[in-house]
Structure formats: structure tokens, C-alpha cells
**Student:** 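Here it is: the structure, laid out below.
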Amino acid sequence: MTAIAPAWMHEQITAAEYDTWSEEQCAGIEIVDGMVVVSPSASKRHNRLARILANALDAAAGPDWNADTDFDVRLQDVPLTNRRPDVVVYRADTIDLTPTRPEHVLMVVEVVSPGSETTDRIVKVDQYAKAGIAFYWRIEQAANGVPLIYTYILDPATRSYRTGDMFTGAVDVSAPFPVTIDLVGI
């Protein structure tokens with residue numbers, strides 16, 4: 001028996017069409033230039049790292065910012081591009097606004113998994129920068145299991161990121177807000 005992919009996987013999706021889909025239909029996918037991109041389920045280690053990081057960022061952010069996981073950020077409407085970063089730090093007063101747009105977002109974090117290396121290291125960096133998101137963090141697992149945290153800061157004039165600091169297992173930075181995160185042993 002041959003499985004047939006639904007038509008929507010072979011046609012460009014508009015923002016209006018996507019907005020009619022249920023939360024279940026949107027889970028586990030991203031839309032890039034109007035085309036559906038299906039992502040494999042993340043590992044427990046990946047999800048745990050994202051959750052611990054989101055909790056630490058949320059605690060450090062204060063009342064004006066929230067940090068959460070697993071929701072869309074609408075980078076552009078035409079062609080539709082929705083990304084689902086592993087962690088998003090966004091303005092607290094926009095919690096009920098849908099879709100979340102780049103002007104609501106301070107920082108996105110991607111935890112690199114096998115199969116997402118090129119997308120997280122190259123493609124998403126460019127998309128987030130062009131959308132105007134001020135900070136991008138990329139987390140990678142070193143061979144010894146200790147996370148490596150690469151930070152990027154937006155240059156608003158060029159709409160590209162400049163490389164920030166790199167951290168191993170623990171983060172203590174003053175921008176975007178003071179935060180200490182100990183990820184050793186994750």
C-alpha cells in the first residue's frame with residue numbers, strides 16, 4: 001500500500017489558509033515560503049534542554065517578558081513563513097496576540113538536533129535576522145554532553161547578526177537581560 005501525501009503538502013499555503021487550521025494540524029510543522037516543512041519529533045534530551053532554558057529565561061526576564069516553547073512566530077505573511085523556535089522570549093503584553101510577530105519577540109533559541117544542523121546554523125539565522133529579531137541563540141551538544149551556546153546580536157542597519165559570545169554549559173550575560181543558566185549535565 002502506498003501512502004499519498006495530502007494536497008496541502010504540495011501547494012503553497014497562504015496566511016489566511018493557515019490561520020484556519022487547528023492547533024493539532026499546526027503542531028510539528030513550519031511553513032517556509034508558503035510550503036509545509038514537517039519536523040521530526042525532538043528527543044527527550046532536546047525538549048528538556050529547551051524547557052530548562054525557557055524556565056531560566058522566564059525567571060530572569062521579569063514582568064515585561066515571557067519565555068515559552070512550542071509556538072509559531074510569523075516571520076512574514078507573503079509568502080507565508082512561520083517558524084517554531086525551541087524557545088521564544090517575547091513581550092508579556094502580547095501573550096494573547098496571535099500570530100506572534102517579530103516585533104513582539106526579543107530572542108529566539110534553537111536547540112540543534114541531528115537533521116536540523118544546516119537549518120539552525122544557516123537558514124534560520126538569516127530568516128530571524130531579516131525579520132528583525134534582536135537576539136538569536138543556538139545550542140549544540142558537545143561530544144562530552146555539555147551544551148555549547150552560541151549567541152548572535154542583530155545589527156539593525158544590515159539586518160544581519162554579528163557573532164556574540166560562546167558559552168559552555170553555563171551562561172551569564174547582561175543582554176538582553178541578566179541571566180545565569182547552568183546547563184551542565186543536561
Side-chain angles (χ1 to χ4, degrees), residues 1-59 61 65-141 147 183 186:
M1 183 166 137
T2 303
I4 299 174
W8 54 263
M9 290 188 78
H10 302 287
E11 300 170 2
Q12 260 193 333
I13 305 300
T14 67
E17 289 171 319
Y18 185 79
D19 291 343
T20 67
W21 291 6
S22 70
E23 197 170 309
E24 291 80 27
Q25 286 173 297
C26 298
I29 67 168
E30 293 179 312
I31 309 292
V32 179
D33 294 330
M35 301 303 292
V36 173
V37 177
V38 178
S39 302
S41 294
S43 70
K44 289 185 278 187
R45 180 177 299 280
H46 177 280
N47 289 339
R48 179 172 170 70
L49 182 56
R51 182 179 48 78
I52 288 169
L53 184 58
N55 290 345
L57 289 169
D58 196 56
W65 298 96
N66 293 334
D68 284 309
T69 62
D70 199 32
F71 65 90
D72 288 342
V73 175
R74 173 91 33 104
L75 299 180
Q76 65 185 35
D77 287 314
V78 179
L80 178 61
T81 299
N82 278 355
R83 285 296 189 180
R84 193 171 277 247
D86 293 310
V87 178
V88 180
V89 178
Y90 61 97
R91 288 192 349 244
D93 63 349
T94 66
I95 193 167
D96 293 319
L97 294 180
T98 302
T100 298
R101 298 201 176 266
E103 58 267 22
H104 307 148
V105 176
L106 176 66
M107 179 170 69
V108 293
V109 179
E110 294 288 354
V111 178
V112 178
S113 295
S116 75
E117 296 95 340
T118 301
T119 302
D120 291 342
R121 291 178 187 152
I122 300 169
V123 177
K124 288 183 179 180
V125 175
D126 186 51
Q127 290 174 337
Y128 294 144
K130 283 186 178 15
I133 296 173
F135 299 93
Y136 175 68
W137 285 7
R138 187 182 82 236
I139 314 280
E140 298 195 18
Q141 293 281 349
L183 301 173
I186 299 300

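Throughout, residue positions are numbered sequentially from 1 according to the sequence presented.
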**Student:** Applying side chain to side chain contact (heavy atoms under 4.5 Å, CB included) between N82 and each of T100, V37, D72, report the one that passes.
**Tutor:**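 The option that passes is D72.
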
**Student:** Would you name the heavy atoms of S113 and H46 that are closest together and state the gap between them?
**Tutor:**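 Nearest heavy atoms, S113 then H46: OG-CD2, 2.8 Å.
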
**Student:** Would a 4.5 Å heavy-atom cut-off, applied to side chains only, mark P85 and M107 as touching?
**Tutor:**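 Not in contact.
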
**Student:** Quick one: do N66 and D58 satisfy side chain to side chain contact (heavy atoms under 4.5 Å, CB included)? Show the steps, please.
**Tutor:** CA-CA 5 Å; N66 293 334; D58 196 56; 4.0 Å; yes

**Student:** Side-chain contact test, heavy atoms from C-beta onward, threshold under 4.5 Å: evaluate it for L75 versus P102 and give yes or no.
**Tutor:**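 Yes, side chains in contact.
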
**Student:** Check whether any side-chain heavy atom of V112 lies under 4.5 Å from a side-chain heavy atom of I139, and answer yes or no.
**Tutor:**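 Counting from C-beta outward, V112 and I139 never come under 4.5 Å.
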
**Student:** Are E110 and Y136 side-chain neighbours, meaning at least one heavy-atom pair lies under 4.5 Å?
**Tutor:**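 Side-chain contact under 4.5 Å: yes.
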
**Student:** How close do A67 and A54 get, heavy atom to heavy atom, and via which atoms?
**Tutor:**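 That would be CB-O, 3.4 Å.
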
**Student:** Measure the spacing between NE2 of H104 and CG of D93 and express it to the nearest 0.5 Å.
**Tutor:**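 Between H104 NE2 and D93 CG, I get 8.0 Å after rounding to 0.5 Å.
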
**Student:** In Å and rounded to the nearest 0.5 Å, what is the CG to CG distance from N55 to D68?
**Tutor:**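 If we round to the nearest 0.5 Å, N55:CG and D68:CG are 9.0 Å apart.
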
**Student:** Under the rule for salt bridge (charged side-chain N to carboxylate O under 4.0 Å, His left out), what residues qualify as partners of R51, not counting sequence neighbours?
**Tutor:**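 Counting only residues at least two positions away or on another chain, R51 forms no salt bridge (charged side-chain N to carboxylate O under 4.0 Å, His left out).
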
**Student:** Determine yes or no for a side-chain-to-main-chain donor-acceptor pair under 3.5 angstrom, with T94 supplying the side chain and L97 the backbone.
**Tutor:**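 No.
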
**Student:** Quick one: CD1 on I95 to CZ on F71, what's the gap to the nearest 0.5 Å?
**Tutor:**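 These two atoms lie 8.5 Å from each other.
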
**Student:** Please assess R101 against D77 for the test side chain to side chain contact (heavy atoms under 4.5 Å, CB included), listing each intermediate value before the final yes or no.
**Tutor:** CA-CA 10 Å; R101 298 201 176 266; D77 287 314; 3.2 Å; yes

**Student:** Mind checking whether Q127 and K124 have side chains closer than 4.5 Å, heavy atoms only?
**Tutor:**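 The answer is yes; the side chains approach within 4.5 Å.
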
**Student:** Taking T119 for the side chain and S116 for the main chain, is one N or O donor matched with an acceptor at less than 3.5 Å?
**Tutor:**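 No, because the side chain of T119 does not come within donor-acceptor range (under 3.5 Å) of the backbone of S116.
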
**Student:** Between the side chain of Q76 and the main-chain N/O of P79, is any donor-acceptor distance below 3.5 Å?
**Tutor:**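 Flag set: sc Q76 to bb P79 pair under 3.5 Å.
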
**Student:** Which heavy atom of D120 sits nearest to which heavy atom of V125, and what is that distance?
**Tutor:**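 Where D120 meets V125 most closely, the heavy atoms are O-CG2, 3.5 Å.
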
**Student:** Taking only residues two or more places apart in sequence, or in another chain, which ones meet E103 in a salt bridge (charged side-chain N to carboxylate O under 4.0 Å, His left out)?
**Tutor:**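 Applying salt bridge (charged side-chain N to carboxylate O under 4.0 Å, His left out) to E103 gives none.
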
**Student:** Any non-hydrogen side-chain atom of W137 less than 4.5 Å from a side-chain atom of V87?
**Tutor:**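 They are not in contact (no side-chain heavy atoms under 4.5 Å apart), so the answer is no.
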
**Student:** Taking the basic N atoms (NZ, or NE/NH1/NH2) and the acidic carboxylate oxygens, is any pair closer than 4.0 Å for R74 and D19?
**Tutor:**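 Yes, charged N to carboxylate O under 4.0 Å.
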
**Student:** Measuring from N47:CG to S41:OG, what's the distance to the nearest 0.5 Å?
**Tutor:**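 Answer rounded to 0.5 Å: 8.5 Å.
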
**Student:** One pair to check against side chain to side chain contact (heavy atoms under 4.5 Å, CB included): E140 and R121. What are the steps and the verdict?
**Tutor:** CA-CA 10 Å; E140 298 195 18; R121 291 178 187 152; 2.9 Å; yes

**Student:** Side-chain contact test, heavy atoms from C-beta onward, threshold under 4.5 Å: evaluate it for L106 versus R91 and give yes or no.
**Tutor:**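 Of all side-chain heavy-atom pairs linking R91 with L106, none is under 4.5 Å.
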
**Student:** Could you walk me through whether I13 and W21 satisfy the side chain to side chain contact (heavy atoms under 4.5 Å, CB included) test, starting with their C-alpha distance in whole Å, then the side-chain angles of each, then the deciding distance to 0.1 Å, before giving a yes or no?
**Tutor:** CA-CA 11 Å; I13 305 300; W21 291 6; 3.8 Å; yes

**Student:** For a 4.5 angstrom cut-off between non-hydrogen side-chain atoms, does Y90 reach V73?
**Tutor:**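 No, their side chains stay 4.5 Å or more apart.
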
**Student:** Taking all heavy atoms of L49 and all of P147, pick out the closest pair and write down the distance.
**Tutor:**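 Nearest heavy atoms, L49 then P147: CD1-CG, 4.2 Å.
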
**Student:** How would you list, by chain and number, every residue that makes a salt bridge (charged side-chain N to carboxylate O under 4.0 Å, His left out) with R83, sequence neighbours excluded?
**Tutor:**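 With sequence neighbours excluded, R83 shows a salt bridge (charged side-chain N to carboxylate O under 4.0 Å, His left out) to E30, given in chain and number order.
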
**Student:** Mind checking the CE-CD1 spacing from M35 to I29? Nearest 0.5 Å is all I need.
**Tutor:**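 Separation between the atoms: 11.5 Å.
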
